[in-house]
Visitor: 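The following block contains the structure, expressed as structure tokens.
Order of listing sets the numbers, starting from 1, for every ligand and every atom in it. This structure is a prediction, so every number in the text was calculated from the model and none was measured.
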Amino acid sequence: MSKTCIVTGASRGIGRSIAVALSERDDITNFIIISRTEQGLRETAELMNPSKNVVYYAMDLTDYQAVKELIETVGERYGSIDYLLNVAGYAEPKSLLETSVENWETTYKVNVHSIFYITKEVVRFMKKTGGKILNVASTAGSSPRPGWLSYSSSKAALISMSKTLSDELAEYGILVYCISPGRCATELRRKLAPDEDQSTIMQPEHVGEVVDNLLSDNGICLDGQDITVRKQMFKVSSTS
Ligand SMILES: NC(=O)c1ccc[n+]([C@@H]2O[C@H](COP(=O)([O-])OP(=O)(O)OC[C@H]3O[C@@H](n4cnc5c(N)ncnc54)[C@H](OP(=O)(O)O)[C@@H]3O)[C@@H](O)[C@H]2O)c1
């Protein structure tokens, strides 16, 4: 059966890599990729398997009316929505005293509220057939990150949302996954660690591979958990 998959945050970074990796799967025919930047989405579409039907929408996920209209269009056109990958995220790291109300609200609007909203709209369709939802949180959501207050607490909220939804949506045959990447070479990471050598850390393609595996039958019994995806950094001792 031809399945339909929505990937947010697909204009670059981890979202792009996930969309590219999933486009090699046999079971998915239709991809809806979303972010605000059309150019980035177009480039992602060009990297995806050309045999797939890829449609891109440049929109702000915090525009709830636009999200509602899009999901209704997708649900009606394809009949079902089988996969939802909530990858889009925002980070402008600041300490408590430096964080403005605007920064706090934007972080929560993108990292928490918009995921609540798109998930609610998608589940209205997905509950008819069952499906899989995957949220991209962060290791910052489960361990202290001084100076990253709004970002890390928003990711903690997403981890909690994922666990609750996993139980709540089980009755519809919907599996909810949550991954927490460690540091990964993307634009967002560059903001968090401007001086880091990104060639030494996890690459977005590694996360794409993990997600592809999780959403296959290998992912059985891994739903409802906060799964860390991290490249271990080995140090070779000078005496060894
Ligand atoms: N990189 C890391 O080290 C790391 C670690 C842990 C977790 N994560 C998480 O991984 C996810 C992907 O991040 P990334 O590292 O790949 O960062 P990235 O390269 O900066 O990508 C972020 C994506 O989110 C989209 N986006 C942001 N705000 C949006 C909005 N309001 N509406 C629609 N799309 C929006 C961006 O697209 P547009 O700008 O085109 O809208 C872009 O496609 C995020 O949730 C992030 O928190 C990253």
Visitor: I'd like to check the side chain to side chain contact (heavy atoms under 4.5 Å, CB included) partners of Leu214; sequence neighbours left out, ordered by chain and number.
Guide: Leu134, Tyr177, Ile179, Leu222, Ile227
Visitor: Tell me yes or no: between the side chains of Ser11 and Arg42, is some donor less than 3.5 Å from an acceptor?
Guide: no
Visitor: Given the ring of Tyr90, does Lys109 sit roughly above its face, with NZ or CZ under 6.0 Å from the centre of the six-membered ring and within 45° of the axis?
Guide: no
Visitor: Compute whether any side-chain donor of one residue and acceptor of the other, for Asp63 and Tyr117, lie under 3.5 angstrom apart.
Guide: no
Visitor: Can Tyr78 and Asn53 be counted as having a side-chain donor-acceptor contact under 3.5 angstrom?
Guide: yes
Visitor: Any luck finding a side-chain donor-acceptor pair between Asn49 and Ser23 under 3.5 Å?
Guide: no
Visitor: Identify, chain by chain and in numerical order, each protein residue with a heavy atom under 4.0 Å from an atom of ligand 1.
Guide: Gly9, Ala10, Ser11, Arg12, Gly13, Ile14, Ser35, Arg36, Thr37, Met59, Asp60, Leu61, Val87, Ala88, Gly89, Val110, Val136, Ala137, Ser138, Tyr151, Lys155, Pro181, Gly182, Arg183, Cys184, Thr186, Glu187, Leu188, Arg189
